[in-house]
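One structure is given here, and the rest of the page talks about it.
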Amino acid sequence: MAISIKSEREIDLMRESCRLLAMMHEELKKDIKPGVSTKELNDHAAEIIASYGCVSNFLNYNGYPASICTSVNDEVVHGIPRADRILKDGDIISIDAGLIYKGYHSDAARTYAVGQISPEHQKLIDVTKQSFFEGIKFAKAGCHLFDISNAIDAYVSQYGYGIVRALVGHGIGTSMHEDPQIPNFRQWRRGPKLKAGMTLAIEPMINLGTDVVCFLDDDWTVVSEDGTYSAHYENTVLITDGEPEILTLL
Ligand code: CO
């Protein structure tokens, strides 16, 4: 397993790819309301990405048929946008997106409330987001990769939520998925040492109930087995000798 170390030039390209993706998310967020279809969200995202002169790295990835993933309620990740999937009050939706700028990939996800949601679901969204920030306290040179995993697990476990184990975070750079894999659950070793210049996509996926997931018949959509709601929060992060740089936040 080789974790790539980006040069200063590559880091600048990663920064720009990620900045554009963060802007895309900020723009798309404004569309989230009851009555909008996930297809409309996808088409708007595609338009924004094209306006940057970039392309989606999701589109055609292993045959994936859309520019972003839109995962609603019990859908964990990889929900395929559809014209007949209309958001309604009380839903939660995870938008996962990425783009390629001059050969460099970015990847980030957020979960949003649609209209008024239950306090229970808001807490799930908040804990999932905070677990990312707990994890990246260890995203710095000198720490080990699985310190991040263990911190996410320790934080989320206090709430009794299910930490999805079937899917993990990843290195990112000239491909969307590079080494290493980054689990969001407890590991029994510390893993590789982190070094400045690594770029990692850290992405806790957390279910209100069981951590067990299954695939729908479309072969993409991952859902929680017990039908409880699921949240996702992801950023592309640069490891430095000091604090991590969260590249996909403005
Ligand atoms: Co990712």
Side-chain angles (χ1 to χ4, degrees), residues 1 3-4 6 13-15 17-25 28 41-42 45 49 54-71 75-81 93-101 103-112 125 128-129 131-136 139 145-146 148-149 152-153 156 163-185 191 194 198-207 211 213 215 220-223 230-239 244-249:
M1 179 167 82
I3 308 176
S4 70
K6 276 75 181 176
L13 293 168
M14 288 296 294
R15 281 198 184 101
S17 179
C18 292
R19 188 184 71 83
L20 292 170
L21 180 60
M23 280 174 33
M24 196 285 295
H25 268 296
L28 201 60
L41 296 174
N42 176 76
I49 292 170
C54 295
V55 293
S56 160
N57 44 8
F58 288 23
L59 185 63
N60 300 323
Y61 178 84
N62 290 336
Y64 184 74
S67 296
I68 61 172
C69 297
T70 51
S71 307
E75 297 170 357
V76 179
V77 287
H78 304 169
I80 302 175
I93 180 170
S94 303
I95 306 267
D96 191 356
L99 58 80
I100 311 172
Y101 171 80
Y104 285 80
H105 291 244
S106 47
D107 189 3
R110 283 97 180 74
T111 300
Y112 300 114
I125 293 173
T128 301
K129 179 174 181 178
S131 74
F132 164 87
F133 288 96
E134 296 297 324
I136 66 161
L145 183 67
F146 298 152
I148 300 172
S149 310
I152 293 171
D153 188 323
V156 173
I163 303 172
V164 174
R165 306 168 82 91
L167 298 137
V168 295
H170 50 93
I172 181 167
T174 51
S175 320
M176 175 161 50
H177 295 138
E178 294 186 351
D179 282 339
Q181 294 198 18
I182 311 172
N184 297 301
F185 51 93
L194 297 174
M198 291 178 175
T199 46
L200 307 175
I202 298 168
E203 51 178 319
M205 290 153 270
I206 309 297
N207 298 344
D211 61 86
V213 297
F215 285 82
W220 277 104
T221 313
V222 178
V223 296
S230 184
H232 185 196
Y233 187 78
E234 172 182 32
N235 284 302
T236 299
V237 169
L238 170 70
I239 304 297
E245 217 178 293
I246 306 174
L247 302 181
T248 45
L249 283 181

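Remember, it's 1-based here, ligands and their atoms both numbered in the order they're listed.
For Asp153, the side chain to side chain donor-acceptor pair (under 3.5 Å) partners at least two apart in sequence or on another chain are Ser157. Listed by chain and residue number, His105 satisfy the side chain to side chain donor-acceptor pair (under 3.5 Å) test with Asn57 (two or more places apart in sequence, or in another chain). Among residues two or more places apart in sequence or in another chain, the ring-ring contact (aromatic ring centres under 6.0 Å, His included) test is passed with His25 by none.
Listed by chain and number, Asp107 OD2, His170 NE2, Glu203 OE2, Glu234 OE2 are the protein N/O/S atoms closer than 2.8 Å to the Co ion (ligand 1), with waters left out.
Residues His78 and Ser71 come closest through the heavy atom pair N-OG, 3.3 Å.
Looking only at atom types and distance, the side chain of Gln181 has no donor-acceptor partner in the side chain of His170 under 3.5 Å away. Asn207 and Ser230 share a side-chain donor-acceptor pair at under 3.5 Å.
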